[in-house]
Undergrad: 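Below you'll find the structure I mean.
We use all heavy atoms of the structure for the numbers below, so side chains are in, but hydrogens, waters and symmetry mates are not.
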Amino acid sequence: MRGVPVPTAKWVTDGNEIKTEGNYKIDTDSYSTVLTIKDCVRKDTGEYLLTVSNAAGSKTVGLHLTVLDVPGPPTGPINILEVTPEHMIISWRPPKDDGGSPVLNYIVEKRESKKEAWGVVCSGINQTKLKVPRLQKGCEYIFRVRAENKIGIGAPLDSTPTVAKHMFDPPSPPGKPVVSDITENAATVSWTLPKSDGGSPITGYILERREISGKWVRVNKTPVLQLKFRATGLFEGNTYEFRVFAENMVGISPPSPVSDPIKVSRPIRPPGPPINPKLKDKTRETADLVWTKPLKDGGSPILGYVVECQKTGTTQWNRINKDELIQQCAFRVPGLIEGNEYRFRIKAANIVGEGEPRELPETVLVKDILSPPEIDLDVTCRDLITIRVGQTIHITGRVKGRPDPDITWSKDGKVLVKDKRVQMVHECPRIDLQVKEATRDDHGKYIISAKNSSGHAQGFALVNVLDRPGPCQNLKISYVTKDSCMLTWENPVDNGGSEITNYIVEYRQPNQKGWSILSSDVTKRLIKANLIENHEYFFRVCAENKVGPGPVIETKTPILAINPVDRPGPPENLHIAETGKTFVYLKWRRPDYDGGSPNLSYHVERKLKDSDEWERVHKGSIKETHYMVDKCVENKIYQFRVQTKNEGGESDWVKTSEVVVKEELQKPVLDLKLSGVLTVKAGDSIRLEAGLKGKPQPEVVWTKDRDATDLTKSPRVTIETTSNSSKFVLTKSKRSDGGKYVITATNAAGSFVAYATVNVLDKPGPVRNLKISDISNDGGCEIQNYILEKCESKRMVWSTYSAAVLTNHANVTRLIEGNEYIFRVRAENKMGTGPPTETKPIIAKTKYDRPGRPDPPEVTKVSKNEMTVVWNPPEYDGGKSITGYILEKKEKRALRWVPVTKSAIPERRKKVTDLIPGHEYQFRVKAENEIGLGEPTVSPKEILGDFFLSYL
């Protein structure tokens with residue numbers, strides 16, 4: 001500053017002069033002045049004036065001082081714009097002092113009033129309004145806001161405590177409920193609006209009920225908007241109370257006052273009109289009315305009905321039942337005048353009074369109705385009525401007819417009358433017949449007759465009274481033998497109304513009192529009883545049905561278990577076995593029934609074809625079942641008959657067919673009953689048998705090995721020949737008895753030869769090629785054992801087969817077939833072993849071979865396209881039994897042999913079919929055993945398809 005004289009300086013702010021004091025300091029000299037404010041604060045901000053003055057004048061200079069600081073607190077208060085249980089919206093105003101720097105943002109915090117800790121809601125908002133979320137319903141919150149500039153964060157502004165809830169309150173309770181329109185299971189509850197809706201519209205009402213001193217139960221599942229609700233599901237006779245809650249968006253109000261208790265019961269009012277009244281019947285003096293009870297009884301049981309009538313031409317209704325109510329839904333109106341017309345109406349009455357009337361739709365003309373009788377039996381009586389004895393027969397039905405018909409019951413043509421057992425009830429239209437303690441005689445057909453002046457009607461019912469069956473009829477005993485008899489009987493006359501299921505048969509001996517059951521489940525009317533010889537028996541039988549067994553029928557006299565003698569049966573299988581030049585040979589079989597006597601004999605008679613007289617051909621009786629009738633005339637036709645005879649009499653005759661008596665020639669045929677080779681052990685018997693045919697009777701000769709040796713001379717041989725077979729038995733067989741046996745049958749028509757091969761098994765002979773001479777020196781002591789060794793000739797390595805052979809022979813096993821072996825034996829005593837003795841080389845192979853050639857086959861029968869070929873077995877079977885034969889054929893000019901069958905033939909006979917007529921054939925046979933197939937026969941025969949041609 002400059003001036004003359006030196007000016008003085010004066011500092012002024014807000015109209016106040018600043019002096020050096022406190023935090024103010026002024027330093028002034030001749031040229032300058034300095035104002036210093038120590039520790040300046042935000043309030044030091046403002047306009048400062050410097051005035052310099054002297055005698056010459058003055059001059060003022062102004063300057064603005066800004067002190068930067070954090071902003072001051074926002075301008076309050078904090079306004080709560082919206083409050084809900086979940087959030088609040090708050091607002092505030094900017095701070096009056098922004099600290100000399102613009103406010104960058106606000107920091108909003110919250111805390112629960114019960115807690116000290118603050119939580120930041122938002123730290124970067126630049127607006128003065130904020131939604132505070134995630135509040136807990138019912139908690140009280142305090143909010144504070146602080147402004148922030150580039151200097152820092154200013155002082156906070158706190159809100160008043162505010163609860164997180166709706167801004168509105170729940171409504172006040174509704175008015176006291178009133179119950180009306182009470183029925184047996186429901187009631188209508190109504191109420192008034194609450195005094196306050198809490199500032200929010202009411203969204204509905206909730207109704208609750210409870211039985212006296214019971215728990216409250218919600219009635220409506222969803223709130224209702226109306227001021228009434230029909231509560232259903234109540235129980236008649238129970239007492240209930242009700243209360244109501246109002247609900248808005250905030251919540252549910254306190255409950256309303258409890259309603260007065262009400263008891264659920266039917267509302268009582270007069271009943272409704274009867275349903276469907278109509279005229280059922282009428283006479284010249286009465287009218288029968290019927291109706292159905294009303295749908296509504298008015299809440300009280302119907303006590304009865306009132307019937308009123310109105311005579312046509314009048315308007316007055318007259319009550320018919322003046323003294324008391326009609327209890328049934330039917331009434332007969334008496335005292336009517338014939339020929340007049342009437343109208344009728346019916347009213348129902350309960351404890352309150354009479355209800356609305358219901359009038360018959362038509363007028364009624366009083367007169368008699370005539371109709372013929374009609375009978376309608378109950379459904380249970382239309383089919384067969386089945387009861388047991390002792391029960392009651394009950395037949396019921398209905399009868400119509402005008403006038404009422406007369407009812408009569410009858411059975412088997414007899415009219416039934418009332419007695420101790422029979423009761424009849426005739427109360428039209430109902431009829432009833434009862435027969436107590438029914439017996440079997442009460443079964444049958446019951447007829448009901450109804451008759452009046454208009455006609456007649458009948459009905460019937462079939463009754464079956466079940467009882468035990470009656471006694472069986474005609475008990476008979478037949479076929480008595482020493483160990484059995486047959487009992488027969490007939491069905492009872494009365495089966496008791498039920499099919500007989502079985503019969504019970506009992507027996508006893510005369511010295512016994514109790515009966516024993518022979519059988520209790522017999523279904524047929526006969527039975528065989530087993531007896532003890534020479535014992536007497538009584539029998540009795542009773543029938544049984546599903547009710548039980550009936551009375552018994554028994555034999556009056558006992559039967560004795562012995563064989564009676566009766567006529568025997570006729571002979572069985574009578575036939576002509578053989579005819580000759582002057583004889584016929586008859587055969588038959590004993591009859592199946594001998595009449596109880598084993599002493600049977602037979603009579604044989606004959607007659608010529610044109611004769612009527614039968615001739616006895618023997619004297620006395622024949623004991624055998626065959627007879628040779630001789631002294632017949634050749635070429636005459638005869639018929640024969642035979643009968644059986646015993647002590648009881650003679651049987652019926654059995655006849656043969658007519659036969660011409662003449663000589664019959666047939667070439668012998670032998671059928672050897674042997675397949676393959678017969679193998680027996682030494683010491684057993686050789687048994688051979690051959691079937692024999694031929695006429696006249698062939699002569700049979702047995703030989704062996706074609707040496708024509710007469711075997712009959714051997715004491716070990718027995719030969720038995722009959723008309724149809726020949727048997728050969730050789731006892732105590734030996735190995736030498738094996739071989740080929742020849743059987744020859746011969747008669748006037750020719751001869752037949754058959755062969756049988758027999759193999760007799762015996763212990764093997766001594767080992768070949770191994771010879772051990774006597775020990776020349778036993779070492780002076782007894783030989784204890786032998787040592788047997790073997791070796792293959794190719795390898796020549798000896799191995800000991802056994803070092804403890806006690807006998808002078810051994811069976812060597814486990815050899816390889818086809819290999820050549822050498823054996824040696826050494827003797828051993830207690831001093832040691834001696835020198836060995838060796839055998840010659842021998843090849844190990846089986847001792848069996850394939851069979852030899854059979855004899856050439858023969859053709860025994862030739863037809864147009866088939867031949868029968870037979871052959872004998874080979875003499876050598878290879879040591880194994882023959883298992884079959886292969887038969888081959890070849891045409892004369894063909895080169896290849898063809899098998900007749902695909903498989904081996906077990907027999908020695910084959911019928912060859914499908915041959916070409918006129919062609920010549922040759923046959924050959926191969927025998928087969930387990931080892932293989934043998935060589936074929938040689939020199940086969942040549943055959944022509946139609947006849948036997950020649951031998952090659």
Side-chain angles (χ1 to χ4, degrees), residues 280-288 290 327-328 330-332 334 368-473 491-500 543 545-551:
K280 181 182 180 184
D281 198 4
K282 65 180 180 178
T283 66
R284 59 185 177 182
E285 296 178 350
T286 62
D288 292 343
V290 294
Q327 301 298 319
Q328 305 295 328
F331 184 68
R332 175 170 289 180
D368 272 335
I369 299 175
L370 300 179
S371 63
E374 294 180 10
I375 299 175
D376 183 20
L377 293 178
D378 287 350
V379 176
T380 57
C381 302
R382 294 175 187 172
D383 296 328
L384 179 66
I385 302 172
T386 302
I387 63 170
R388 288 179 179 263
V389 169
Q391 295 178 339
T392 299
I393 301 173
H394 199 182
I395 304 175
T396 58
R398 300 178 68 86
V399 175
K400 298 179 181 179
R402 298 297 299 272
D404 289 344
D406 296 327
I407 307 299
T408 57
W409 294 86
S410 62
K411 176 183 175 293
D412 298 336
K414 297 181 181 180
V415 177
L416 300 180
V417 296
K418 287 186 178 181
D419 56 21
K420 293 181 179 180
R421 294 177 56 242
V422 180
Q423 299 293 328
M424 290 176 282
V425 177
H426 300 155
E427 295 178 354
C428 290
R430 200 71 187 160
I431 57 173
D432 187 3
L433 172 66
Q434 294 186 18
V435 180
K436 300 178 181 179
E437 299 177 1
T439 64
R440 176 61 184 157
D441 294 335
D442 292 328
H443 82 284
K445 186 175 184 180
Y446 287 78
I447 299 175
I448 175 176
S449 299
K451 185 177 181 181
N452 65 5
S453 58
S454 299
H456 178 266
Q458 272 192 350
F460 68 90
L462 297 177
V463 177
N464 183 22
V465 181
L466 297 180
D467 195 3
R468 300 168 185 253
C472 298
Q473 305 292 314
N491 277 330
V493 177
D494 182 11
N495 64 1
S498 174
E499 291 187 4
I500 292 175
N545 60 13
K546 64 181 182 181
V547 178

Undergrad: Going by the rule salt bridge (charged side-chain N to carboxylate O under 4.0 Å, His left out), which residues pair with Asp441 if we only count those two or more places apart in sequence or in a different chain?
TA: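 Listed in chain order: nothing, the list is empty.
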Undergrad: With sequence neighbours excluded, what pairs up with Asp288 under the salt bridge (charged side-chain N to carboxylate O under 4.0 Å, His left out) test?
TA: Arg332
Undergrad: How would you list, by chain and number, every residue that makes a salt bridge (charged side-chain N to carboxylate O under 4.0 Å, His left out) with Arg440, sequence neighbours excluded?
TA: Asp494
Undergrad: Can you name the side chain to side chain donor-acceptor pair (under 3.5 Å) partners of Thr283, sequence neighbours left out?
TA: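 Thr283: side chain to side chain donor-acceptor pair (under 3.5 Å) contacts with Thr286.
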Undergrad: Between atom CD of Glu374 and atom CZ of Arg398, what is the distance when rounded to the nearest 0.5 Å?
TA: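 If I round to the nearest 0.5 Å, the distance is 12.0 Å.
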Undergrad: Pro549: which residues meet the side chain to side chain contact (heavy atoms under 4.5 Å, CB included) condition with it, sequence neighbours left out?
TA: Arg468, Ile504, Cys542, Glu544
Undergrad: Residues two or more places apart in sequence or in another chain: which of them pass side chain to side chain contact (heavy atoms under 4.5 Å, CB included) with Lys282?
TA: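 Checked Lys282 against side chain to side chain contact (heavy atoms under 4.5 Å, CB included); matches are Leu279, Val364, Leu365, Lys367, Ile369.
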Undergrad: In Å and rounded to the nearest 0.5 Å, what is the CD1 to CD1 distance from Ile375 to Ile407?
TA: 6.0 Å
Undergrad: Please give me the minimum heavy-atom distance between Gly401 and Pro405, naming the atom from each residue.
TA: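 The pair with the smallest heavy-atom distance is O-CD, 3.9 Å.
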Undergrad: Which heavy atom of Ile431 sits nearest to which heavy atom of Val399, and what is that distance?
TA: CD1-CG2, 3.5 Å
Undergrad: Can you tell me which residue pairs pass the side-chain hydrogen bond (donor to acceptor under 3.5 Å, both in side chains) test with a partner in residues 378-389, sequence neighbours excluded?
TA: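 Of all non-adjacent pairs touching residues 378-389, those that pass side-chain hydrogen bond (donor to acceptor under 3.5 Å, both in side chains) are Asp376-Arg382, Asp378-Thr396, Asp378-Arg430.
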Undergrad: Output all residues satisfying side chain to side chain donor-acceptor pair (under 3.5 Å) with Asp404, sequence neighbours left out; order by chain, then residue number.
TA: none
Undergrad: Side-chain contact test, heavy atoms from C-beta onward, threshold under 4.5 Å: evaluate it for Asn545 versus Leu466 and give yes or no.
TA: no
Undergrad: Tell me the closest heavy-atom pair linking Val465 and Thr439, and the distance in Å.
TA: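 So the minimum-distance heavy-atom pair works out to CG1-O, 3.3 Å.
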Undergrad: I want to check something: taking the side chain as every heavy atom from C-beta on, are Val463 and Ile395 in contact at a cut-off of under 4.5 Å?
TA: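 Yes, at least one pair of side-chain atoms sits under 4.5 Å.
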Undergrad: Show me the pairs that pass salt bridge (Lys or Arg N to Asp or Glu O under 4.0 Å) and involve residues 410-419, at least two apart or across chains.
TA: none
Undergrad: Which donor-acceptor pairs under 3.5 Å do side chains of residues 445-457 form with protein atoms, sequence neighbours excluded?
TA:
from: Tyr446; atom 1: OH; to: Asp442; atom 2: O; distance (Å): 2.6
from: Ser449; atom 1: OG; to: Gln458; atom 2: NE2; distance (Å): 3.4
from: Asn452; atom 1: OD1; to: Ser454; atom 2: N; distance (Å): 2.9
from: Asn452; atom 1: OD1; to: Gly455; atom 2: N; distance (Å): 3.1
from: Asn452; atom 1: ND2; to: Ser371; atom 2: O; distance (Å): 3.1
from: Asn452; atom 1: ND2; to: Arg402; atom 2: O; distance (Å): 3.4
from: Asn452; atom 1: ND2; to: Pro403; atom 2: O; distance (Å): 2.8
from: Ser454; atom 1: OG; to: Arg402; atom 2: O; distance (Å): 3.3

Undergrad: Could you list the residues that satisfy side chain to side chain contact (heavy atoms under 4.5 Å, CB included) with Gln434, not counting sequence neighbours?
TA: Thr392, His394, Gln423, Asp432, Lys436
Undergrad: Applying side chain to side chain contact (heavy atoms under 4.5 Å, CB included), name anything that partners Pro492, two or more places apart in sequence or on another chain.
TA: Pro469, Cys472, Ile500, Ala543
